K.L.:
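Take this structure first; my questions come after.
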Amino acid sequence: MAAGPPTHTATPASTAVFPVAQYDLPGTLASGQAFRWQLTDLGWTGVIGSLFVRLRADEFSIEAETAHPVTDWSWLRAYLQLDLELAQVLRTFPDDEPMRTAVAACRGLRLLRQEPWECLASFILSSTKQIVQIRQIVGLICERFGEPLQALPGHSAAYAFPTASRIARTTEAELRACRMGFRAPYLLATASRVAGGQFDLAGIGNLPLAVARTELMSLPGVGRKIADCVLLFAYGFPSAFPVDVWVMKALRQLYFPRRRVSMQRMHRFAATHFGPWGGYAQQYLFHYMRTHRPSKLK
DNA sequence: TACCAGGAGAGCG
DNA sequence: CGCTCTCATGGT
C-alpha cells in the first residue's frame, strides 16, 4: 500500500517541508495533549481544522501533506509552534535533578497550539479516563457528528471535530452511545452555552490568566485541571500548570518524597517553582512519568 | 479479578 | 473551607 503519485482524478494535494531542530514529533503527537493523531505506515495522520494532514519527520525536518491545495501554511506553523525556540524555554526551567532528568528523557517534546473548542471538548471527555479511551471517545464523536473530509489516498475516512453547535443538537443518549458515560451531560451543556453565544470562547485568550481560568471553570464539567489544560494547550498561557494524578504523583515523589502535600499547596509550589514556562515543564514531568517510570507510581 | 484512569460536583462535618 | 463519595466505562 503506497501513497502513489498524484493522479488526474485526485484533488491536487500539497506538500511542504519545514526545517526543525530539537522537535520530537512522534513524542509530541502521542503525549496526551491532542487525541486524534494516528501512526500509520505512511506517517502520522490527523485533522487540523477542516484539513486532513499527514506528517512525517526526521531529525532535521517535518514534512506535511494535505489532501487539498495549500499555499499559506501559517496555520500549521502555529499548530506545531514551529517558531518557538525550545532552548530558550528549557533555559527557564528550575535547575534541579527531577527537571534535568525529565528534560533529558524527553528531548524535543513540544506543546501544540490547538483549536479552543476541540481542546475544551476533548478534555471534558478526559476526566478519569486513560488516554487510549479518550482517543476512542473522541474518535467516535468525530465519526458520528463531524463533517466528512477528504483524506489522502491510502488512508481511511477522515472527519472534522464536531462543532459546538452540532454537539448542542445531539441528545445525551447519543453522546452516551459514544461511551463517554457521566461526561455526556457536561459536554452537552457546555456545547449549548458555547453554541448559544452565552460563552465567548474566542475572547478567553485576551483575558489575564486568572480571569480566563475562572471563566472556563464556570462551564459544566470544567474544573481547575481541565481549565488549565485548555489554557495551556489551546490558548498558550505558558504558566498554566495542569495537575492531574500523574503530575501530582510526580511532584510528590520528586519534590516531597516524605510529606503529605495538598492539591492547593501543590498548585502554589508549581506556580512559584517552575517559572514563566511552568506549563511546558509540567508536560515534561507528565511525559517522563508516563513513558519512563510507569511502574514507579503509587 | 481488582484496581485505576490527564476530574468534577455535590454533600457533609 | 477541606474531605469523601459518586458518576460510566474499559484497560491493564
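Just so we're on the same page: letters track the sequence lines, and every chain starts at 1. Only this structure's heavy atoms are used, side chains among them; waters, hydrogens and symmetry mates stay out. Predicted model only: the values in this text are computed from it and were never measured.
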K.L.:
Restricting to side-chain contact (heavy atoms from CB on, under 4.5 Å), what partner residues turn up for A/Ser156, sequence neighbours left out?
P.N.:
none
K.L.:
Could you work out the complete set of other residues in the hydrophobic cluster of A/Val17, with links drawn between I, L, V, M, F, W and Y side chains under 4.5 Å apart?
P.N.:
none
K.L.:
Where along residues 118-139 of chain A does a heavy atom come under 4.0 Å from DNA chain C, residue by residue in number order?
P.N.:
A/Lys129, A/Gln130, A/Val132, A/Gln133
K.L.:
List in chain and number order the residues that pass side-chain contact (heavy atoms from CB on, under 4.5 Å) with A/Thr128, two or more places apart in sequence or in another chain; answer none if no residue qualifies.
P.N.:
A/Phe182, A/Arg183
K.L.:
What I'd like to find out is whether the side chain of A/Val53 reaches to under 4.5 Å of the side chain of A/Trp75, using heavy atoms alone.
P.N.:
yes
K.L.:
Around atom CD of A/Gln198, are there more than 12 heavy atoms from other residues, nucleotides or ligands closer than 6.0 Å?
P.N.:
yes
K.L.:
Name all residues meeting the ring-ring contact (aromatic ring centres under 6.0 Å, His included) criterion together with A/Phe256; count only those two or more places apart in sequence or in a different chain, and write none if there are none.
P.N.:
A/Phe269
K.L.:
Check A/Leu86, A/Leu84, A/Leu80 against A/Tyr23 for a side-chain contact (heavy atoms from CB on, under 4.5 Å) and give me the one that passes.
P.N.:
A/Leu80
K.L.:
Please state the P separation for the pair C/dG10 and B/dG9 - nearest whole angstrom.
P.N.:
23 Å
K.L.:
Specify the residues of residues 262-273 of chain A, ordered by number, for which at least one heavy atom lies under 4.0 angstrom from an atom of DNA chain C.
P.N.:
A/Gln264
K.L.:
Return the value, rounded to whole Å, for the distance between atom CG of A/Asp228 and atom C1' of B/dG6.
P.N.:
12 Å
K.L.:
If I pick the P atom on B/dG6 and the same atom on C/dG2, what distance separates them, to the nearest angstrom?
P.N.:
27 Å
K.L.:
So, using side-chain contact (heavy atoms from CB on, under 4.5 Å) as the criterion, who are the partners of A/Leu111 when residues are at least two apart?
P.N.:
A/Gln33, A/Leu232, A/Phe233, A/Tyr280, A/Gln283
K.L.:
Between A/Arg290 (CZ) and B/dA5 (P), how many Å, whole number?
P.N.:
12 Å
K.L.:
Whole angstrom is fine here: how far is it from CZ in A/Phe233 over to P in B/dG6?
P.N.:
13 Å
K.L.:
Just wondering, are more than 12 heavy atoms of other shown residues or ligands nearer than 6.0 Å to CZ in A/Arg265?
P.N.:
no
K.L.:
Under a 3.5 Å threshold, yes or no: a donor from one side chain and an acceptor from the other, between A/Thr101 and A/Glu97?
P.N.:
yes
K.L.:
Of all nucleotides in DNA chain C that come within under 4.0 Å of a heavy atom of chain A, which is furthest toward the 5' end and which toward the 3' end?
P.N.:
C/dG2 to C/dG11
K.L.:
Who pairs with A/His155 by ring-ring contact (aromatic ring centres under 6.0 Å, His included), at least two apart in sequence or on another chain?
P.N.:
A/Phe52
K.L.:
Using a strict cut-off of less than 4.0 Å between a Lys/Arg side-chain nitrogen and an Asp/Glu carboxylate oxygen, indicate whether A/Arg100 and A/Asp95 qualify as a salt bridge.
P.N.:
yes
K.L.:
Are A/Glu147 and A/Arg166 within salt-bridge range, i.e. N to O under 4.0 Å?
P.N.:
no
K.L.:
At under 4.0 Å between heavy atoms, what does A/Ser31 touch on the DNA or RNA strands: base, sugar-phosphate, or nothing?
P.N.:
base
K.L.:
By the 4.0 Å heavy-atom rule, please label A/Arg176 as base, sugar-phosphate, or nothing.
P.N.:
sugar-phosphate
K.L.:
Take the protein atom CG of A/Leu29 and the nucleotide atom C1' of B/dG6, then report the distance between them rounded to whole Å.
P.N.:
17 Å
K.L.:
Is any side-chain heavy atom of A/Ser218 closer than 4.5 Å to a side-chain heavy atom of A/Arg193?
P.N.:
yes
K.L.:
Counting only heavy atoms and a strict 4.0 angstrom limit, can you tell me which residues of residues 99-110 of chain A come near DNA chain B?
P.N.:
none
K.L.:
Using a cutoff of under 3.5 Å, can you pull out all pairs of nitrogen or oxygen atoms linking the protein to nucleotides 9-13 of chain B, with atom names and distances?
P.N.:
from, atom 1, to, atom 2, distance (Å)
B/dG9, OP1, A/Gly221, N, 2.8

K.L.:
Are any non-hydrogen side-chain atoms of A/Leu219 and A/Leu120 less than 4.5 angstrom apart?
P.N.:
yes
K.L.:
Output all residues satisfying side-chain contact (heavy atoms from CB on, under 4.5 Å) with A/Val103, sequence neighbours left out; order by chain, then residue number.
P.N.:
A/Leu90, A/Phe93, A/Met99, A/Arg107, A/Tyr284
K.L.:
Specify the separation, in whole Å, of atom CE of A/Met248 and atom P of B/dA8.
P.N.:
13 Å
K.L.:
Taking atom P in both B/dA8 and C/dG11, what distance in whole Å separates the two?
P.N.:
23 Å
